[in-house]
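Below: one structure, written as structure tokens.
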Amino acid sequence: MAKAASDPFDIVIIGGGINGAGIARDAAGRGYSVLLAEMNDLASGTSSWSTKLIHGGLRYLEHFEFRLVREALVEREVLLRIAPHAVAPMRFILPHHDGIRRAFLIRLGLFLYDALYLKRSLPGSKAIRFNRDPAGQTLKPGFQKGFEYSDCAVDDTRLVILNARDAADRGADLRVRTKVISARRDNGLWRIDLQDEHGKRETVGARMIINAAGPWADRVASTVTGLNAEGSVRMVRGSHIVVRRHFEDSRAFIFQNEDDRVIFAIPYRDDFTLIGTTDCDYEGDPAKAEITPEETNYMLEAVNEYFARPVQQTDIVWQFSGVRPLYDDGEEAAAKTTRDYVLSDDVSDQCAVINIYGGKLTTYRKLAETVLERIGYQIGAKGKPWTSTAQLPGGDFNRSEFETLVDRARKTYGFLSDRAARRLTEAYGTRLFTILGDRNAAEVGADYSGAAQLGLYACELDHLIEREWACSVDDVLWRRSKLGLFVDQDAINKIDHYLKERRSCSKSH
């Protein structure tokens, strides 16, 4: 039965990052009425500034977070099954650095990493000798041995969008660019004031609020709901640099640093290498976090301890920084702060709110299931856990079939370049055939990727506007894709004009 406009929602979720989108999807699929309000664009905060990995968290073993690591390893397998287009297996090379960690301790840690979840589909770890492995050509001669293990790469913002799209398909009401102004208790319900980007206000009712505002969670808890939360956010800035492709190996590197942290160097979008991350305590507006020269130098020095050919400042083509909303567990060093999530319940006058602190991209789905258990306890259970086996949009194929799907796209649409076919498959999986339909080269529209020739056709832009809440150039080029790394200013101007024309047209109808 459709929800009447005046009926209260079961759940209002504040925040459109990975946690908010994942909870919305799970809740809508169980039959709850859900509204999600995101003050900016989906994934415009922490969820778009990650290291782009789905991983168990090898280094968390040093902090004895065995439950978190096992949960993450289980979720790594789940995400490979339900999002085979957005999540891809990747091998990681960890060179042994004398004087930082002893080789037998690394081997023991990797053995435990493999043993914590034996049902994995990915190959286990092994020792390697760089005089017999191609990776040795990338490293300085002093590095003789190392280790190799498995984790996964992910398109972080696509993962958010896929969850949001599936939530909406299952009945969730997603209000993007809509801010929650205030919430008050009224006769056993929340009365929540919303304001969209045009200043239009609306009040909705809800039985429960989920505070998934990430770095803004404390602010929402204190100024919006007016309830004191038990936990608190420790804001930690993580910064990355992207450089021109620095090595030919398809495997990633994980480098140990003298401060006991690790730095990744990851093959990225074919033409680049992603390097990160830092861990710096941060105060201020999370939206204004920026990488500092000190962080850039820190990452360059860390990787240049290992690379035979140094990475230079002039190699940097993009850099980004974002705030991680970690749960403040009292650790002195930001790098040692737990990546586990903590939920804080508050029930007053029969009005329930759950505040979410911490968490990581890899375990978002499990976090959502845990939140749904709390929701069921507070306002009544509906449905059963279901998201571990239900593919995200476009994910109805096995990862082993990915190359076959790319080949099918090339053959179906002969006008696609090889790179365009692969890009579209990675972004949309089987849904690329819905987006392009039975159109020929003339009917898909202009290629707005310009000289890059990556197949950003008008029909895809229409899809991003109509089905993925895209409004701006940044929405298209940096969140729903990373085509901003490839396109020139002329292409950017044309995309901007197209988006403005479409929005103007929609307002006139």
Side-chain angles (χ1 to χ4, degrees), residues 41 48 52 85-86 88 153 155-158 161 240-248 250 266-275 311-320 402-403 405-429 431-433 435-437 439-468 470-504:
D41 185 26
S48 59
K52 325 300 182 191
H85 45 328
D155 187 327
D156 49 8
T157 48
R158 289 300 312 162
I161 297 296
H240 299 76
I241 56 176
V242 175
V243 302
R244 296 179 184 87
R245 186 169 178 171
H246 196 70
F247 52 87
E248 293 303 313
S250 62
I266 304 168
Y268 190 62
R269 303 289 169 172
D270 296 328
D271 296 348
F272 307 100
T273 300
L274 172 66
I275 296 172
V311 183
Q312 309 286 349
Q313 285 269 359
T314 52
D315 295 326
I316 299 173
V317 297
W318 182 43
Q319 53 192 18
F320 61 88
F402 180 81
E403 293 300 331
L405 194 62
V406 174
D407 189 53
R408 179 186 161 198
R410 279 194 293 255
K411 291 177 178 177
T412 303
Y413 307 106
F415 53 85
L416 289 180
S417 68
D418 289 349
R419 291 189 72 175
R422 183 170 298 276
R423 180 190 72 79
L424 288 164
T425 306
E426 289 173 343
Y428 306 107
R431 288 205 173 181
L432 78 89
F433 299 101
I435 296 168
L436 297 183
R439 298 177 178 90
N440 59 33
E443 294 168 335
V444 292
D447 182 355
Y448 282 85
S449 65
Q453 296 185 323
L454 285 168
L456 180 61
Y457 298 108
C459 63
E460 183 183 357
L461 283 176
D462 291 341
H463 168 82
L464 294 175
I465 295 165
E466 296 165 6
R467 302 283 292 170
E468 294 195 2
C471 286
S472 72
V473 169
D474 281 354
D475 295 348
V476 171
L477 295 181
W478 291 109
R479 283 186 281 277
R480 284 147 191 82
S481 75
K482 290 296 182 288
L483 290 175
L485 287 165
F486 299 94
V487 300
D488 57 26
Q489 189 59 49
D490 181 59
I492 292 171
N493 293 339
K494 288 178 179 177
I495 293 168
D496 186 46
H497 178 74
Y498 188 89
L499 294 171
K500 288 177 179 176
E501 199 171 55
R502 279 293 311 271
R503 294 195 77 181
S504 175

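Source: prediction; values computed, not measured. Values below: all heavy atoms of this structure, side chains included; hydrogens, waters and symmetry mates excluded.
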Legend entry - Worked verdict on Asp475 versus Leu464 for side-chain contact (heavy atoms from CB on, under 4.5 Å): CA-CA 9 Å; Asp475 295 348; Leu464 294 175; over 6 Å; no
Do [X] and [Y] touch side chain to side chain, with heavy atoms closer than 4.5 Å?
| X | Y | value |
| --- | --- | --- |
| Lys482 | Thr157 | yes |
| Leu416 | Leu436 | yes |
| Ile266 | Lys52 | no |
| Asp155 | Arg269 | yes |
| His240 | Gln319 | no |

Indicate the atoms forming the closest heavy-atom contact of [X] with [Y], along with that distance.
| X | Y | answer |
| --- | --- | --- |
| Tyr428 | Glu460 | OH-OE2, 2.6 Å |
| Tyr448 | Lys494 | CE2-O, 3.7 Å |
| Gly429 | His85 | N-CD2, 3.4 Å |
| Ala442 | Asn440 | N-OD1, 2.9 Å |
| Leu485 | Trp478 | N-CH2, 3.6 Å |
| Arg410 | Ala421 | CG-CB, 3.5 Å |

Legend entry - Check ion pair Arg479-Glu468 (N to O, under 4.0 angstrom):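 Here Arg479 does not pair with Glu468 in a salt bridge, since their nearest N and O are not under 4.0 Å apart.
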Side-chain donor/acceptor of [X] to backbone N/O of [Y], under 3.5 Å:
| X | Y | answer |
| --- | --- | --- |
| Arg245 | Asp270 | yes |
| Ser481 | Val476 | yes |
| Asp315 | Gln312 | yes |
| Arg439 | Ile435 | yes |
| Arg419 | Arg422 | no |
| Tyr413 | Ala441 | no |

Inset, instruction - Check whether NZ of the Lys or CZ of the Arg Arg423 lies under 6.0 Å from the centre of the six-membered ring of Phe486 and within 45 degrees of that ring's axis. - result: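 No; the conditions do not both hold, so Arg423 does not lie above the ring face of Phe486.
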[atom2] on [Y] to [atom1] on [X], rounded to 0.5 Å:
| X | Y | atom1 | atom2 | result |
| --- | --- | --- | --- | --- |
| Asp496 | Glu501 | CG | CD | 11.5 Å |
| Ile161 | Asp41 | CD1 | CG | 6.0 Å |
| Leu499 | Cys471 | CG | SG | 8.0 Å |
| Leu456 | Leu461 | CG | CG | 4.5 Å |
| Leu477 | Ile495 | CG | CD1 | 4.0 Å |

Inset, instruction - Apply side chain to side chain donor-acceptor pair (under 3.5 Å) to Tyr268 and list each qualifying residue two or more places apart in sequence or on a separate chain. - result: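 Side chain to side chain donor-acceptor pair (under 3.5 Å) list for Tyr268, sorted by chain: empty.
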Inset, instruction - Among residues two or more places apart or on two chains, list those pairs meeting side-chain hydrogen bond (donor to acceptor under 3.5 Å, both in side chains) that have a residue in residues 449-458. - result: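 Matches after skipping sequence neighbours: Asp447-Ser449.
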